[in-house]
Amino acid sequence: MLKVAKFGGSSLANSTQFRKVRSIVESDPSRRYVVVSACGKESKEDHKVTDLLYLCEAHIRYGVPYDDIFRLIEDKYLKIRDDLGLTTDLESHFLDIRRALDRGATTDYVVSRGEYLAALLMAEYLGATFVDAKDVIYFKADGSFDLPKIREQLALRAGGSSPIVIPGFYGSMPDGSIRVMSRGGSDITGALIANAADAEVYENWTDVSGFLVADPRIVKNPLSIPRINYSELRLMSYMGADVLHDDAIFPVREKNIPINIRNTNDPAAPGTMILDDCSEQDLKDPPRLVTGISGRRHFTAFTLTKSHSSVDVGFLRRLLATFEDYKVSVEGVALTVDTFTVIVRSDTVANCKYEILGRFSEEFKPEDLKVEDHISLIAVVGRGMKAVPGSSGQFLSEFGRNHINIRVISQCADELSVVVGVDDGDFGRAINCIYDKFIYEEQKI
Ligand code: ASP
């Protein structure tokens, strides 16, 4: 058994968190690869090291002294080192980074140093081997990952007796320069290492006990999801749930490696297993009707009625082409006879809403045309509702019982989710009523 364990910034915020990481890694010898983020926030008022590094770089760009900010970073790492009685010569690394900053180092190099320093400390603390991400994570010239080279370079370094610690978030370009991934990119590093090492599991350690059924800012103490498949995960994250970087999926999916979201502060909790296909496990332990509920606010709905348009071949395509002309992505379409509602994100039409309406009036001469803002979309997601007659009916009647007016409804034939549009003002209530009925009450039975 071989596991890759990635620890996020909150798992590295101070020496207490480092101790938790060590006990997790030492409790399971199959955790052979450890990928770390930069140190995160110790408290709400604290700052993430990566944010501070971006700030240093911006100060330099505008010719403003960055010393005070850089000292915050130095103090954070020095305190962790001294608390843990480690001996890594951080001072000389700080000096190198300061020199590089003064010489106008690239933004990518500067911001990658948070992960680099955290990995140096973690490697010493675990008695593990430090492998710089610049020597194992490779980009191609077009910015995509060079997986064959990643596999080849990792294989050269594998096989020792101690675990390997690798900084997340960055890698090398073909010319040897450092390139960072998008924010939260250490998740991707972990997934690439899991792929290259043929791991059995990719563990992603964070500060929640897995992927939650609903956003904890909306539902009080939501349960975590024990098992979820990639399609459900995609729906949940597209609709606003946020635990894992989207691009962390493809390297593990390619090799069918499960992702296990775990909580560094509660290592006994099993967390969430993300699998390509849950059907085998579902046979033994059937899933709930609802896997998760997520949603996003601030959508705009364009509704157009034109008689006989339903039998006018190409009508919908022409309608949608207008949004394409304005480079607006369409998030939902609902249609009945001769009436079409197109839903888009409000911010994407803020400057062209009335132009689009003007084009519709002119081109289609509709009998009725309106645009409404302040719409929220809520997705009730669950592989458990496939072929269960009445499942969407149950959700709709729950909204009805709670006096929540549904503005639009859509469900695709994959039966994996039901998406409803409600007024922004009903957003929180709508999510809570589904949670109470289909998660909380079921749990009590
Ligand atoms: N430290 C980087 C960030 O804050 C990458 C990561 O933590 O995954 O975005």
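We count ligands from 1, going down the list as the structure has it; atoms in each ligand are counted the same way.
Salt-bridge annotation for E254 and R151: present, with a side-chain N of the basic residue lying under 4.0 Å from a carboxylate O of the acidic one. A salt bridge between D276 and K255 is absent, with no side-chain N of the basic residue lying under 4.0 Å from a carboxylate O of the acidic one.
A donor atom on one side chain and an acceptor atom on the other are found under 3.5 Å apart for E124 and T87. Side-chain contact of E331 with Y238: a donor-acceptor pair under 3.5 Å is present, judged by distance alone.
With a 4.0 Å heavy-atom cut-off, ligand 1 is reached by no atom of H245. Contact annotation: for K48 versus ligand 1, heavy atoms closer than 4.0 Å belong to the side chain alone.
Less than 6.0 angstrom separates the ring centroid of F130 from the ring centroid of Y116. Ring-centre distance between Y440 and Y435: not below the 6.0 Å cut-off.
The protein atom (non-hydrogen) at minimum distance from atom 3 (C) of ligand 1 is R183 NE, 3.3 Å. At the top of the distance list for atom 5 (C) of ligand 1, counting protein heavy atoms only, stands E115 OE2, 3.3 Å. When hydrogens are left out, the protein atom nearest atom 7 (O) of ligand 1 is S37 OG, 3.0 Å; that is the closest non-hydrogen contact.
Atom numbering of ligand 1 starts at 1 in the shown order; those under 4.0 Å from a heavy atom of S186 are 5 (C), 6 (C), 7 (O), 8 (O). Close contacts between ligand 1 and G184 involve ligand atoms 3 (C), 5 (C), 6 (C), 8 (O), 9 (O) [criterion: under 4.0 Å to a heavy atom].
Put simply, no part of G114 is less than 4.0 Å from ligand 1, judged by heavy atoms.
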